[in-house]
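Have a look at the structure below before the remarks.
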Amino acid sequence: MRLLLIGAPGSGKGTQADLLASRFGIAHISSGDLLRQHVREQTSFGQLVKKYVDMGDLVPDSLVMDILRKPVLAATNGYVLDGFPRTVAQAETAYAVVHPLGAEVQAAIHLDVPHPELVRRLLARGRGADDTAEVIEHRLQVYDEMTVPLLDYYAGREWMFAVDGTQPPQEVHEDIVRRIQKLKSFTAPR
Ligand code: AP5
């Protein structure tokens with residue numbers, strides 16, 4: 001099973017990816033977590049990406065692809081990707097890598113949450129440099145400019161759907177599972 005979670009900062013991608021990974025025994029691969037781990041450990045890669053992560057800007061595509069290639073190709077039981085792709089260019093590059101391997105994504109899930117609720121959640125969480133009011137506002141702008149076009153790009157594909165991300169986490173999860181199980185050509189384990 002190969003899934004993508006797309007949503008604004010604070011929409012619950014990490015929360016839902018954890019639930020899906022446990023339910024289906026697949027790997028949770030978070031571009032943000034991988035980047036933050038490098039920043040925390042002060043690797044040379046971490047030093048390169050820190051300024052983007054702290055400011056809420058997108059890390060250049062080539063660096064993100066570098067960090068994801070290995071875990072994605074290693075996830076032979078399947079994966080749920082949280083935070084990637086974030087742009088049409090990233091989606092096109094990823095497709096070119098996985099298509100020859102027959103490992104294209106099987107479902108893309110958009111977690112739909114309105115702006116004020118996103119801000120409320122992120123301020124309440126206060127993860128670090130990127131959860132201040134100013135940086136949160138910038139991250140939401142970057143999402144509107146760079147990631148909303150990705151939703152338009154995927155719109156109309158049979159394997160793309162949106163769920164109401166304002167419900168409690170377990171209800172969002174059950175909605176996602178119901179929708180996955182309804183997809184044609186998709187036999188999800190129960
Ligand atoms: P990333 O880590 O992906 O951050 P994000 O997209 O800003 O999302 P968050 O992790 O803040 O939120 P989430 O949607 O995962 O929600 P969560 O479950 O945590 O990226 C960080 C940075 O890395 C980017 O800014 C960029 O610099 C870089 N980066 C990452 N990927 C990149 C890429 N592909 N290309 C380029 N750069 C990239 O929940 C948030 C809070 O809400 C939590 O407190 C949670 O408990 C709560 N919550 C969750 N669900 C619910 C619910 N249903 N009801 C109430 N509260 C809820």
Side-chain angles (χ1 to χ4, degrees), residues 1-24 26-36 52-59 64 68 79-91 94 105-183 186 188:
M1 183 183 287
R2 297 178 297 275
L3 309 173
L4 300 182
L5 281 171
I6 306 172
S11 58
K13 299 182 295 297
T15 306
Q16 293 304 319
D18 275 344
L19 292 169
L20 288 163
S22 312
R23 177 133 178 184
F24 295 121
I26 56 180
H28 171 186
I29 303 173
S30 159
S31 48
D33 285 351
L34 290 168
L35 290 165
R36 278 186 294 278
Y52 300 101
V53 175
D54 284 355
M55 300 296 290
D57 285 315
L58 294 188
V59 171
V64 175
L68 287 176
Y79 56 77
V80 49
L81 262 177
D82 149 16
F84 180 92
R86 251 175 158 88
T87 64
V88 172
Q90 288 184 0
V105 71
Q106 292 163 300
I109 302 136
H110 170 209
L111 296 174
D112 194 14
V113 177
H115 189 120
E117 171 65 5
L118 297 168
V119 175
R120 190 197 66 72
R121 288 183 189 178
L122 294 174
L123 284 175
R125 179 181 66 184
R127 173 168 68 192
D130 71 344
D131 272 354
T132 61
E134 199 182 315
V135 179
I136 289 169
E137 220 31 74
H138 181 62
R139 286 161 65 198
L140 292 172
Q141 265 171 22
V142 170
Y143 176 78
D144 287 344
E145 280 165 29
M146 307 299 290
T147 309
V148 170
L150 176 65
L151 296 175
D152 298 337
Y153 174 78
Y154 280 150
R157 306 201 189 195
E158 182 257 334
W159 43 265
M160 165 85 193
F161 59 86
V163 296
D164 173 4
T166 62
Q167 309 169 84
Q170 197 58 41
E171 288 178 28
V172 178
H173 174 66
E174 294 305 332
D175 252 11
I176 293 173
V177 171
R178 266 194 299 276
R179 297 292 298 271
I180 290 174
Q181 287 169 341
K182 272 195 205 152
L183 289 178
F186 201 113

For Leu20 against Ile180, the heavy-atom pair lying closest together: CD2-CD1, 4.3 Å
Expected output: side-chain Arg139 to main-chain Asp130 donor-acceptor under 3.5 Å: yes
For the student: nearest non-hydrogen atoms of Val88 and Pro149, plus distance: CG2-O, 3.8 Å
From OG (Ser11) to CD1 (Ile109), nearest 0.5 Å: 11.5 Å
Arg86 backbone acceptor or donor facing Thr147 side chain under 3.5 Å: yes
Under the side chain to side chain contact (heavy atoms under 4.5 Å, CB included) test, residues paired with Asp164 that sit two or more places apart: Thr166, Gln167
Salt bridge (charged side-chain N to carboxylate O under 4.0 Å, His left out) evaluation trace for Arg121 with Glu117: CA-CA 6 Å; Arg121 288 183 189 178; Glu117 171 65 5; 2.9 Å; yes
Point-to-point distance, once rounded to the nearest 0.5 Å, from CZ of Arg120 to NE2 of His115: 13.5 Å
Side chains of Gln141 and Glu137, donor plus acceptor under 3.5 Å: no
Side chain to side chain contact (heavy atoms under 4.5 Å, CB included) assessment of Asp57 paired with His138: CA-CA 8 Å; Asp57 285 315; His138 181 62; 2.6 Å; yes
Ile176 backbone acceptor or donor facing Arg179 side chain under 3.5 Å: no
Atom pair CG (Leu4) and CE (Met160), whose distance is rounded to the nearest 0.5 Å: 9.0 Å
Side chain to side chain contact (heavy atoms under 4.5 Å, CB included) assessment of Leu111 paired with Val163: CA-CA 5 Å; Leu111 296 174; Val163 296; 3.5 Å; yes
Flag side-chain contact, heavy atom, 4.5 Å: Phe24 against Val80: no
Steps toward side chain to side chain contact (heavy atoms under 4.5 Å, CB included) verdict (Leu122, Arg127): CA-CA 8 Å; Leu122 294 174; Arg127 173 168 68 192; over 6 Å; no
Inter-residue atom distance Asp131.CG - Leu123.CG, 0.5 Å rounding: 7.5 Å
Spacing of Met1 atom CE and Ile26 atom CD1 [to the nearest 0.5 Å]: 6.0 Å
From CD (Glu145) to CG (Leu58), nearest 0.5 Å: 10.0 Å
Minimum heavy-atom distance between Val105 and Arg2, given as atom pair plus value: CG2-O, 3.4 Å
Partners passing salt bridge (Lys or Arg N to Asp or Glu O under 4.0 Å) against Asp54 (at least two apart in sequence or in another chain): Lys50
Closest approach of Ala91 to Pro85 (non-hydrogen atoms, all atoms of both residues): N-CB, 3.6 Å
Side-chain heavy atoms of Phe84 within contact of Ile29, under 4.5 Å: no
Which atom of Gln106 lies closest to which atom of Trp159, heavy atoms considered: O-CB, 3.1 Å
Student check: side-chain heavy atoms of His173 and Thr15 closer than 4.5 Å: no
Heavy-atom pair with the smallest gap, counting every atom of Pro169 and Gln16: O-NE2, 3.1 Å
Heavy-atom donor-acceptor pair, Lys13 side chain to Gly7 backbone, under 3.5 Å: yes
Residues forming a side chain to side chain contact (heavy atoms under 4.5 Å, CB included) with Ala8, sequence neighbours excluded: Leu118, Leu140, Tyr143
Within 6.0 angstrom of Met146 CE, more than 12 heavy atoms from elsewhere: no
Ile136 and Pro9, any side-chain heavy atoms less than 4.5 Å apart: no
